[in-house]
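Only one structure is covered here, and it is reproduced in the block below.
Quick caveat: nothing in here was measured; it's all calculated off a predicted structure.
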Amino acid sequence: YGTATAVAYECGGNWANNGDPNDDWGIIRLNRNIGDQTGWLGLHWQSESYSSTRNVDLNGYPSVVNNQSTKLMHVSFGHIDISEARMLKSDDLDASGGNSGGPCYYHDATHGYVAIGILQGGSNNESYTTVLRIDQWLFNKLTSYTTLRA
């Protein structure tokens with residue numbers, strides 16, 4: 001896909017200043033648009049809770065998968081167990097160090113693949129994998145970048 005350079009970035013102010021997990025998100029703006037080559041992932045938010053039967057996927061590049069040091073994209077499939085105002089939690093999604101920041105998404109028959117959250121983390125010591133839920137405010141913030149051109 002060639003080379004792209006970061007020209008701007010933004011993250012949640014409460015995360016940067018206080019480590020608040022309810023504001024743990026970030027955006028990197030590139031000097032050129034590569035989405036038409038790499039593909040686009042849509043965004044979705046809803047005010048009601050996600051059903052415990054909602055199947056979702058996680059993607060990311062963890063530091064280690066199955067004790068191998070190769071950096072391959074890791075995909076995990078599972079469902080949402082707990083749907084809170086700012087967090088989604090799952091006890092069967094597998095996330096490890098380095099996966100954080102990857103999308104939590106599902107396939108919608110009308111809109112294709114849509115992200116509903118941003119992976120925060122999970123480990124063998126935690127009972128749930130946690131995902132920052134894309135609420136209306138974060139949805140509006142993220143989609144505001146789609147109108148910007150490098």
Side-chain angles (χ1 to χ4, degrees), residues 1-47 50 54-80 82-90 93-108 110-126 128-150:
Y1 301 110
T3 301
T5 304
V7 295
Y9 65 90
E10 184 175 354
C11 69
N14 289 331
W15 169 255
N17 296 327
N18 307 314
D20 180 355
N22 290 309
D23 205 21
D24 184 5
W25 59 270
I27 297 171
I28 300 171
R29 188 167 166 222
L30 302 177
N31 66 334
R32 65 186 196 88
N33 181 354
I34 63 171
D36 291 336
Q37 291 176 288
T38 61
W40 297 95
L41 179 63
L43 296 171
H44 176 76
W45 79 274
Q46 65 184 41
S47 57
Y50 286 95
R54 165 56 64 202
N55 291 315
V56 295
D57 300 353
L58 294 176
N59 285 56
Y61 288 91
S63 56
V64 175
V65 175
N66 299 328
N67 298 319
Q68 296 181 11
S69 62
T70 55
K71 308 295 191 270
L72 301 174
M73 181 174 287
H74 179 68
V75 179
S76 179
F77 310 97
H79 65 281
I80 300 299
I82 299 172
S83 182
E84 299 174 345
R86 291 302 312 253
M87 295 290 165
L88 302 172
K89 297 180 180 180
S90 173
L93 287 169
D94 179 27
S96 62
N99 256 53
S100 298
C104 175
Y105 63 96
Y106 68 89
H107 188 269
D108 176 79
T110 303
H111 301 99
Y113 289 99
V114 292
I116 62 170
I118 302 166
L119 177 63
Q120 287 189 310
S123 73
N124 294 336
N125 299 329
E126 298 176 15
Y128 288 101
T129 295
T130 57
V131 173
L132 176 65
R133 182 179 182 156
I134 296 176
D135 62 4
Q136 184 176 14
W137 181 88
L138 188 53
F139 176 87
N140 290 338
K141 182 67 169 177
L142 295 172
T143 56
S144 74
Y145 278 79
T146 62
T147 61
L148 298 176
R149 295 291 180 232

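- Rounded to the nearest 0.5 Å, atoms CZ (Arg86) and CH2 (Trp137) are 7.5 Å apart.
- No donor-acceptor distance shorter than 3.5 angstrom exists from the side chain of Ser90 to the backbone of Ile80, with no hydrogens or angles considered.
- Nearest heavy atoms, Asn55 versus Tyr106: O-CB, 3.4 Å.
- Every side chain to side chain contact (heavy atoms under 4.5 Å, CB included) that Thr5 has, sequence neighbours left out, goes to Asn31.
- One distance of note links CD1 of Ile82 with CG of Leu88; it measures 10.0 Å at 0.5 Å rounding.
- Listed by first and then second residue, the salt bridge (Lys or Arg N to Asp or Glu O under 4.0 Å) pairs that reach into residues 9-27 are Glu10-Lys141, sequence neighbours excluded.
- Nearest approach of Ile28 to Ala6, heavy atoms of both residues: CG2-CB, 3.7 Å.
- Residues passing the side-chain hydrogen bond (donor to acceptor under 3.5 Å, both in side chains) test with Ser83, sequence neighbours excluded: Arg133.
- Residues passing the side-chain hydrogen bond (donor to acceptor under 3.5 Å, both in side chains) test with Asn59 are Tyr105, sequence neighbours excluded.
- Across every non-hydrogen atom of Pro103 and Leu41, the tightest pair is CB-CD2, 3.6 Å.
- Of all non-hydrogen atoms in Leu30 and Ala4, the two that sit nearest each other are CD1-CB, 3.9 Å.
- Looking at residues two or more places apart in sequence or on another chain, you find a side chain to side chain contact (heavy atoms under 4.5 Å, CB included) between Phe139 and Leu43, Trp45, Ile134, Thr143.
- Under the rule for a side chain to side chain contact (heavy atoms under 4.5 Å, CB included), the partners of Asp36 that lie at least two apart in sequence or sit in another chain are Asn33, Trp40.
- Residues meeting the side chain to side chain contact (heavy atoms under 4.5 Å, CB included) test with Ile27, sequence neighbours left out: Trp25, Leu142, Tyr145.
- Of the inter-residue distances, the one linking Phe77 atom CZ with Leu93 atom CG reads 10.5 Å to the nearest 0.5 angstrom.
- Legend: residues meeting ring pair (Phe, Tyr, Trp, His ring centres under 6.0 Å) with His107, ordered by chain and number and at least two apart, are Tyr113.
- Between the side chain of Thr130 and the backbone N or O of Lys89 there is no donor-acceptor pair closer than 3.5 Å.
- For Asp108, the side-chain hydrogen bond (donor to acceptor under 3.5 Å, both in side chains) criterion is met by His111, not counting sequence neighbours.
- Atom CD1 of Ile116 is separated from atom SG of Cys104 by 4.5 Å, given to the nearest 0.5 angstrom.
- You'll find the side chain of Val56 stays beyond 4.5 Å of the side chain of Val131, heavy atoms only.
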Check step by step if side-chain contact (heavy atoms from CB on, under 4.5 Å) holds for Leu58 and Thr129. CA-CA 10 Å; Leu58 294 176; Thr129 295; 4.2 Å; yes

